[in-house]
Engineer: 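Sending over a structure as structure tokens; questions will come in a sec.
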Amino acid sequence: MSQNTFQTHHGMVDILPEESGKWHYLEALIRETAREFHFGEIRTPVLEPTELIARGIGQLTDIVSKEMFSFSRGETNYVLRPECTAPVARAYVQHHLDQKGGAQKLFYIGPMFRAERPQKGRQRQFHQFGAELIGTDAPIADVEIIRFMMRIYEKIGLTKTTLMINSVGDPESRADYRNALQEYFRPNLNNLSDISRQRFEANPMRILDSKEEEDQPFIENAPLITDYLNEACSRHYAHVKQYLTDSGIPFVENPRLVRGLDYYTQTAFELISSDLGSQDALGGGGRYDLLIEEIGGRPTPAVGFACGMERLMIACEALGIPLGEAPSLDVYIVCRGEGAQRWAMDRITDIRKQGLSCTMDFSGKSIKAQLKDANRQNSRFAIIVGDSELEQQKFTFRNMQESTEEALPFDEIVGKLNSAFDK
RNA sequence: GAGCCCAUAGCUCAGUAGGUUAGAGCGCCAGGUUGUGGCCCUGGAGGCCGUGGGUUCAAAUCCCAUUGGGCUCCCCA
């Protein structure tokens with residue numbers, strides 16, 4: 001490439017027309033499912049106050065400590081949102097949605113930004129869809145969220161997945177567990193990896209997440225959070241599992257599942273696919289009963305999930321699951337000569353008004369080249385116009401799939417088109 | 001932040017004991033069919049071999065640097 005050209009930033013891609021059809025398909029499927037579940041779409045700005053993200057997600061998380069795209073203008077600090085739960089929670093508080101009565105059901109689809117090194121299934125601008133159910137601590141709310149997520153994958157046909165769940169407890173349970181973990185790891189502190197040693201004080205639960213070889217033997221026998229849940233958390237978790245089973249949603253309990261963001265409490269879950277390579281999480285979520293208070297609202301329990309669109313596509317690609325059909329064209333008007341072109345420019349509108357897609361050549365190609373173009377664009381029909389057709393007012397109506405054609409007045413062609421496309 | 005791999009035509013890639021005008025398939029354009037697509041045949045366009053420097057009589061090929069890309073660790077969607 002010449003050095004005089006430009007290209008997208010590292011980890012950011014263009015989505016061209018042949019790909020955008022897949023996005024439309026998925027987005028439509030997600031929106032339709034949201035309608036069935038009666039979740040309302042929320043669209044929040046891409047830029048959020050840096051402080052919201054930092055407080056909401058947690059200063060010590062990787063996202064906040066090193067992955068934010070942020071800048072300031074004057075006194076104001078902006079950040080490109082790295083995820084959408086904190087922004088949705090912000091909107092909930094800002095617009096007093098708690099005054100609307102009942103729990104709020106919100107979903108979103110949109111781009112998120114994290115300044116990481118890109119690799120397969122991980123980009124700096126990526127897309128998530130997700131949902132939040134805000135204003136209830138009932139276990140059935142957790143199940144409603146998980147059902148919604150699973151239903152989308154079910155509709156797509158991506159069923160080769162594993163739903164892992166866990167409970168990370170409330171602050172009381174977590175404090176007990178934290179002590180237990182520190183007591184457990186303390187004697188072996190010197191044998192742990194550097195990273196785990198750093199986490200020992202800050203957040204010992206994250207040690208369980210370690211993939212370092214040397215940590216594995218210690219992690220294997222570490223105490224489990226589920227043994228330290230208090231009465232309330234334990235009951236909540238049991239209910240969630242029971243309702244999931246009743247709903248026919250298979251899951252695997254993973255007592256070592258911890259989520260990367262600080263705001264999670266109680267239920268945590270992750271949807272895994274083995275067809276994704278090293279970034280195997282399709283999506284994840286959980287309960288975050290402390291977030292809204294943390295960002296300035298009244299204490300409000302909530303639960304939600306977020307899934308990666310690109311990872312979803314990678315998994316479908318790997319499994320040969322089609323995402324919509326290739327876009328096709330209904331009619332291509334092939335014309336020869338200026339008179340024919342003028343005719344086409346008028347009639348093309350008539351055809352489009354029938355709700356059919358119609359195009360023509362704009363670069364003066366030969367008839368042969370125009371038909372080739374029509375074929376390439378997968379056009380169902382072609383109308384061929386030249387001097388003789390104009391003279392007789394009968395136009396060549398060609399069925400591209402069957403290679404048949406007949407000479408008809410324009411009105412009759414419109415009639416045939418309407419019946420062919422069942423308009 | 002660390003490691004590994006890669007860079008030749010629009011795309012996928014050949015081309016290293018350094019040696020004339022750098023190749024294929026696909027795609028694109030045109031002709032075979034003076035107004036008819038897909039299949040077939042023929043022809044054509046299109047490359048400063050990522051960029052800069054070095055070694056050499058000679059560099060796509062060897063060396064150094066640089067830029068861009070991919071994958072992996074960390075972590076996550």
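Numbers restart at 1 for each chain; the letters A, B, ... are given by sequence-line order, proteins then strands.
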Engineer: Should Glu253(A) and Lys241(A) count as an ion pair when the cut-off is N to O under 4.0 Å?
Structural biologist: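 Here Glu253(A) pairs with Lys241(A) in a salt bridge, since their nearest N and O are under 4.0 Å apart.
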
Engineer: Please report the distance, rounded to the nearest Å, between CZ in Arg114(A) and P in G1(B).
Structural biologist: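 In whole Å, G1(B) P lies 19 Å from Arg114(A) CZ.
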
Engineer: For a quick check of understanding: with a heavy-atom distance under 4.0 Å over all strands, which category does Leu312(A) fall into, base, sugar-phosphate or nothing?
Structural biologist: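 Nothing: the residue Leu312(A), judged by heavy atoms under 4.0 Å, touches no strand.
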
Engineer: Which range-with-range stems can be found for RNA chain B when each stem has 3 or more Watson-Crick or G-U pairs in a row and both distances sit under 3.5 Å?
Structural biologist: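 Stems found: B:1-7 with B:67-73, B:10-13 with B:23-26, B:28-32 with B:40-44, B:50-54 with B:62-66.
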
Engineer: Expressed in angstrom and rounded to an integer, what is the separation of Lys120(A) atom NZ from A77(B) atom P?
Structural biologist: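 Taking NZ of Lys120(A) and P of A77(B), I get 19 Å after rounding.
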
Engineer: Who passes side chain to side chain contact (heavy atoms under 4.5 Å, CB included) against Ser247(A), sequence neighbours left out?
Structural biologist: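 Ser247(A) satisfies side chain to side chain contact (heavy atoms under 4.5 Å, CB included) with Val143(A), Arg147(A), Ile249(A) only.
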
Engineer: Less than 4.0 angstrom between a side-chain N/O of Gln128(A) and OP1 or OP2 of A77(B), yes or no?
Structural biologist: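 No, outside the criterion.
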
Engineer: Under the ring pair (Phe, Tyr, Trp, His ring centres under 6.0 Å) rule, collect the residues that match up with Tyr332(A), sequence neighbours excluded.
Structural biologist: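 Here no residue qualifies.
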
Engineer: Report the glycosidic orientation of A24(B): syn if within 90° of 0, anti in every other case.
Structural biologist: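 Anti, which is what one calls it when the glycosidic angle falls more than 90° from 0.
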
Engineer: Can you give one letter per nucleotide of nucleotides 36-46 of chain B, 5' to 3': B if a protein heavy atom sits under 4.0 Å from the base, S if only from the sugar-phosphate, - if neither?
Structural biologist: BBB--------

Engineer: What N/O pairs connect the protein and nucleotides 2-6 of chain B at under 3.5 Å? Give each pair on its own line.
Structural biologist:
from: G3(B); atom 1: O6; to: Arg117(A); atom 2: NH2; distance (Å): 3.3

Engineer: Whole Å only: how far is the CG atom of Leu257(A) from the C1' atom of C75(B)?
Structural biologist: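 Computing the Leu257(A):CG to C75(B):C1' distance gives 14 Å.
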
Engineer: Mind checking side-chain hydrogen bond (donor to acceptor under 3.5 Å, both in side chains) for Glu41(A) and listing every partner two or more places apart, or none if nothing turns up?
Structural biologist: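 Testing Glu41(A) for side-chain hydrogen bond (donor to acceptor under 3.5 Å, both in side chains), a comparison that skips the adjacent residues, returns Arg31(A), Arg43(A).
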
Engineer: Ignoring hydrogens and angles, does a donor from either the side chain of Arg311(A) or the base of C76(B) sit under 3.5 Å from an acceptor on the other?
Structural biologist: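 Answer yes: a donor N or O sits under 3.5 Å from an acceptor.
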
Engineer: With sequence neighbours excluded, what pairs up with Ile314(A) under the side chain to side chain contact (heavy atoms under 4.5 Å, CB included) test?
Structural biologist: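 Side chain to side chain contact (heavy atoms under 4.5 Å, CB included) list for Ile314(A), sorted by chain: Lys120(A), Leu276(A).
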
Engineer: When the distance from CZ of Arg81(A) to P of C76(B) is rounded to whole Å, what number comes out?
Structural biologist: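 Atom-to-atom, Arg81(A) to C76(B), this comes out as 20 Å.
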
Engineer: Gly130(A) near the nucleic acid: base, sugar-phosphate alone, or nothing, with a heavy-atom cut-off under 4.0 Å?
Structural biologist: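 Touches nothing.
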
Engineer: State which residues pass side chain to side chain contact (heavy atoms under 4.5 Å, CB included) with Leu290(A); sequence neighbours excluded, sorted by chain then number.
Structural biologist: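 Side chain to side chain contact (heavy atoms under 4.5 Å, CB included) check on Leu290(A) returns Pro171(A), Thr265(A).
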
Engineer: Answer yes or no: is there an ion pair linking Arg90(A) with Glu48(A), defined by an N-O contact shorter than 4.0 Å?
Structural biologist: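 Between Glu48(A) and Arg90(A) there is a salt bridge, with a charged N closer than 4.0 Å to a carboxylate O.
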
Engineer: Do other residues, nucleotides or ligands put more than 12 heavy atoms under 6.0 Å from the CD atom of Glu406(A)?
Structural biologist: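 Count over threshold, so yes.
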
Engineer: Please write out the pairs of protein N or O atoms and N or O atoms of nucleotides 67-69 of chain B separated by less than 3.5 Å, giving the distance to one decimal.
Structural biologist:
from: G69(B); atom 1: OP1; to: His10(A); atom 2: ND1; distance (Å): 3.3
from: G69(B); atom 1: OP2; to: His10(A); atom 2: ND1; distance (Å): 3.1

Engineer: Please work out which residues in residues 157-164 of chain A have a non-hydrogen atom less than 4.0 Å from an atom of RNA chain B and list them by number.
Structural biologist: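 Going residue by residue through residues 157-164 of chain A, none turns out to have a heavy atom under 4.0 Å of RNA chain B.
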
Engineer: If you go through the side-chain atoms of Ser366(A), does one of them form a donor-acceptor pair with the base of G35(B) closer than 3.5 Å?
Structural biologist: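 Checked by distance alone, the answer is no.
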
Engineer: Glu310(A) near the nucleic acid: base, sugar-phosphate alone, or nothing, with a heavy-atom cut-off under 4.0 Å?
Structural biologist: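 No contact at all - Glu310(A) keeps every heavy atom at 4.0 Å or more from the nucleic acid.
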
Engineer: Check side chain to side chain contact (heavy atoms under 4.5 Å, CB included) between Glu270(A) and all other residues, then give those that pass, not counting sequence neighbours.
Structural biologist: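 Once residues adjacent in sequence are excluded, the partners of Glu270(A) under the side chain to side chain contact (heavy atoms under 4.5 Å, CB included) criterion are Leu257(A), Arg259(A), Ile272(A), Ala281(A).
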
Engineer: Ion pair present between Arg35(A) and Glu32(A), side-chain N to carboxylate O less than 4.0 angstrom?
Structural biologist: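 Between Glu32(A) and Arg35(A) there is a salt bridge, with a charged N closer than 4.0 Å to a carboxylate O.
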
Engineer: Please list all pairs meeting ring pair (Phe, Tyr, Trp, His ring centres under 6.0 Å) that have one or both residues in residues 361-412 of chain A, counting only residues at least two apart or in different chains.
Structural biologist: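 As it turns out, the ring pair (Phe, Tyr, Trp, His ring centres under 6.0 Å) pairs with a partner in residues 361-412 of chain A, which skip direct neighbours, are Trp343(A)-Phe395(A), Trp343(A)-Phe410(A), Phe381(A)-Phe397(A), Phe381(A)-Phe421(A).
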
Engineer: Is a donor-acceptor contact shorter than 3.5 angstrom present between the side chain of Glu116(A) and the base of A77(B)?
Structural biologist: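 A donor-acceptor contact between them is present.
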
Engineer: Base, sugar-phosphate, or nothing: which does Ala374(A) touch, judged by heavy atoms less than 4.0 Å apart?
Structural biologist: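 Since no nucleic acid heavy atom lies under 4.0 Å of Ala374(A), the category is nothing.
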
